[in-house]
Amino acid sequence: MTQPFFITTAIDYVNGEPHVGHATEKTLADVVARYHRDVLGNSETYYLTGSDENSLKNVQAAEKAGVPTAEFVATNAEAFRDLSQALNLSFDQFIRTTEARHFAGAQKLWSLFNEKDVYLKPYHGYYCIGCEEFKTEKDLVDGKCPEHLKEPEEIQEENYFFRLSAYQIQLRDLIASDTIRIVPEYRKNEMLSFIDMGLEDFSISRSKERARGWGVPVPDDESQVMYVWVDALSNYITALDFATDGERYAQYWASEGERVHVIGKGILRFHAIYWPAMLLSAGLPLPTTIYAHEYLTVDGQKMSKTIGNVVYPRELVAKFGIDGTRYLLLSALPYTKDGDISWEKLTEKYNADLANGLGNLVSRLVKLSEKLEMKEESIYAESEYPEELTMLIEQYRLAEALEWVIERTRMLDRRIAEEKPWELAKQDMIQFETVMVDFLNELLFIARCLRPFLPETAETVERAIKMCAVTPLFARIK
């Protein structure tokens with residue numbers, strides 16, 4: 001029997017439109033959700049994404065744009081929600097953290113914290129708005145945040161703190177034992193090393209004044225709003241109607257199923273250490289798996305509006321189509337290092353693997369199949385999903401999984417070149433039909449493998465074979 005499978009992405013700051021980094025993460029999670037739903041047949045699969053709207057950076061971006069904050073975040077949140085259509089994403093829900101049910105759920109989580117774990121403390125520190133994190137001097141490089149290359153803001157105020165230090169031993173045991181499974185393995189080791197350096201208590205609120213009155217109020221203290229990480233991380237359960245003990249919460253979080261977070265490596269610490277500690281304090285179930293993926297760079301540089309090298313998914317879809325974009329983004333992100341893209345690399349990959357590869361292969365075989373006189377059932381043998389591909393997907397090695405499938409298309413291309421079915425059709429129709437049935441079954445196998453990755457393409461290939469009708473898949477791009 002299958003168990004509930006709950007998969008989430010990070011919720012994104014809505015201070016601008018989504019870029020390819022956001023799109024890649026959403027597509028990664030979509031492949032895994034489709035695999036569980038469509039390949040494994042698990043109807044209890046739930047895919048959650050959403051928008052992080054209570055950040056101070058959203059307030060500042062709205063002020064810069066001269067637009068009320070609520071209007072600003074609502075507009076940008078829709079741009080992120082629209083990735084569903086732009087990239088054919090199958091998420092079941094899009095949570096906005098300005099929703100009343102999120103406020104209620106976040107406040108409920110706070111109220112469940114062990115009272116020994118929350119205390120008021122005057123604080124002086126350096127705050128990076130980009131990271132939404134206080135920095136120590138050892139975190140800075142030349143006085144700047146290494147992630148955002150900006151000097152942090154010096155802050156002095158009284159905030160609520162969470163006693164993270166109380167959970168050091170317990171967290172280490174949970175991660176070391178893979179009770180909380182962190183992949184890739186070296187990210188798990190990073191978190192263990194971080195814990196071994198000693199966990200420090202962290203701020204979980206900020207003054208209402210500094211937050212510009214924007215955010216989730218701290219229960220029983222109107223002078224404070226929740227620090228973004230308490231607020232934002234709680235979305236994973238507030239979206240399941242945690243505030244009202246809803247059925248979705250019981251099914252997908254409080255059950256014996258899997259609870260998976262797909263996030264960027266830069267926020268792993270918050271998901272692997274801060275979030276589990278808060279759940280432990282509140283007496284709630286923990287995530288079971290955290291996949292921390294790498295980043296995409298552009299021409300060897302980090303994407304930056306200042307540099308002007310930001311690539312947007314709408315641009316890719318306009319040029320390569322939906323499945324072409326899904327393929328390129330998934331292929332571009334290795335499991336253990338950052339991936340680098342450029343328009344030249346993307347076009348070359350698209351033409352080689354899709355236009356000249358898969359697309360051309362389908363056209364040739366379907367065209368040849370017009371000569372066949374055979375029963376339809378002979379080319380519809382449904383095979384098991386391959387063990388090699390299952391293993392790669394379950395390890396979140398999706399670029400490698402796609403390469404495995406594309407290599408099957410190359411192998412089939414080579415077999416066609418060697419056996420020359422077009423010549424057999426002139427010499428021996430029985431042999432021609434035998435060879436073609438084999439080829440078409442292999443093509444159907446490839447389509448089945450592609451279902452979670454390129455769902456529209458898989459469906460088109462299956463339909464083309466069934467109807468013996470050539471359907472152009474991927475036009476070559478100059």
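Owing to the predicted nature of the structure, the values given are computational and were not obtained by experimental measurement.
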Worksheet item: Does Y274 have its ring centroid less than 6.0 Å away from the ring centroid of W229?
Response: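 No: the rings miss the under 6.0 Å criterion.
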
Worksheet item: Is the Y46-H36 ring centre distance short of 6.0 angstrom?
Response: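 Ring centroids of Y46 and H36 are no less than 6.0 Å from each other.
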
[X]-[Y] side chain donor-acceptor pair, cut-off 3.5 Å:
| X | Y | value |
| --- | --- | --- |
| D353 | Y327 | yes |
| D231 | N54 | yes |
| R37 | S90 | yes |
| T97 | N235 | no |

Discussion item. Could you check whether any side-chain heavy atom of F453 comes within less than 4.5 Å of a side-chain heavy atom of S331, counting everything from C-beta outward?
Written reply: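 With C-beta onward as the side chain, the pair stays apart.
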
Worksheet entry | S177 side-chain N/O to L174 backbone N/O, donor-acceptor pair under 3.5 Å |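 Judged by distance alone, yes, a pair lies under 3.5 Å.
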
Worksheet item: Going through the distances and angles, do Y335 and Q395 end up as a side chain to side chain donor-acceptor pair (under 3.5 Å)?
Response: CA-CA 9 Å; Y335 185 62; Q395 291 178 350; over 6 Å; no

Practice prompt. Hey, could you give me each pair passing side-chain hydrogen bond (donor to acceptor under 3.5 Å, both in side chains) that has a residue in residues 250-259? Not counting sequence neighbours.
Written response: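 Every side-chain hydrogen bond (donor to acceptor under 3.5 Å, both in side chains) pair that includes a residue of residues 250-259, provided the two are not neighbours, is E44-Q251.
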
Worksheet item: Who are the ring pair (Phe, Tyr, Trp, His ring centres under 6.0 Å) partners of H22, not counting sequence neighbours?
Response: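 H22: ring pair (Phe, Tyr, Trp, His ring centres under 6.0 Å) contacts with H19, F80.
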
Discussion item. Going by the rule ring pair (Phe, Tyr, Trp, His ring centres under 6.0 Å), which residues pair with F445 if we only count those two or more places apart in sequence or in a different chain?
Written reply: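 Partners of F445 by the ring pair (Phe, Tyr, Trp, His ring centres under 6.0 Å) criterion come out as none, since no residue qualifies.
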
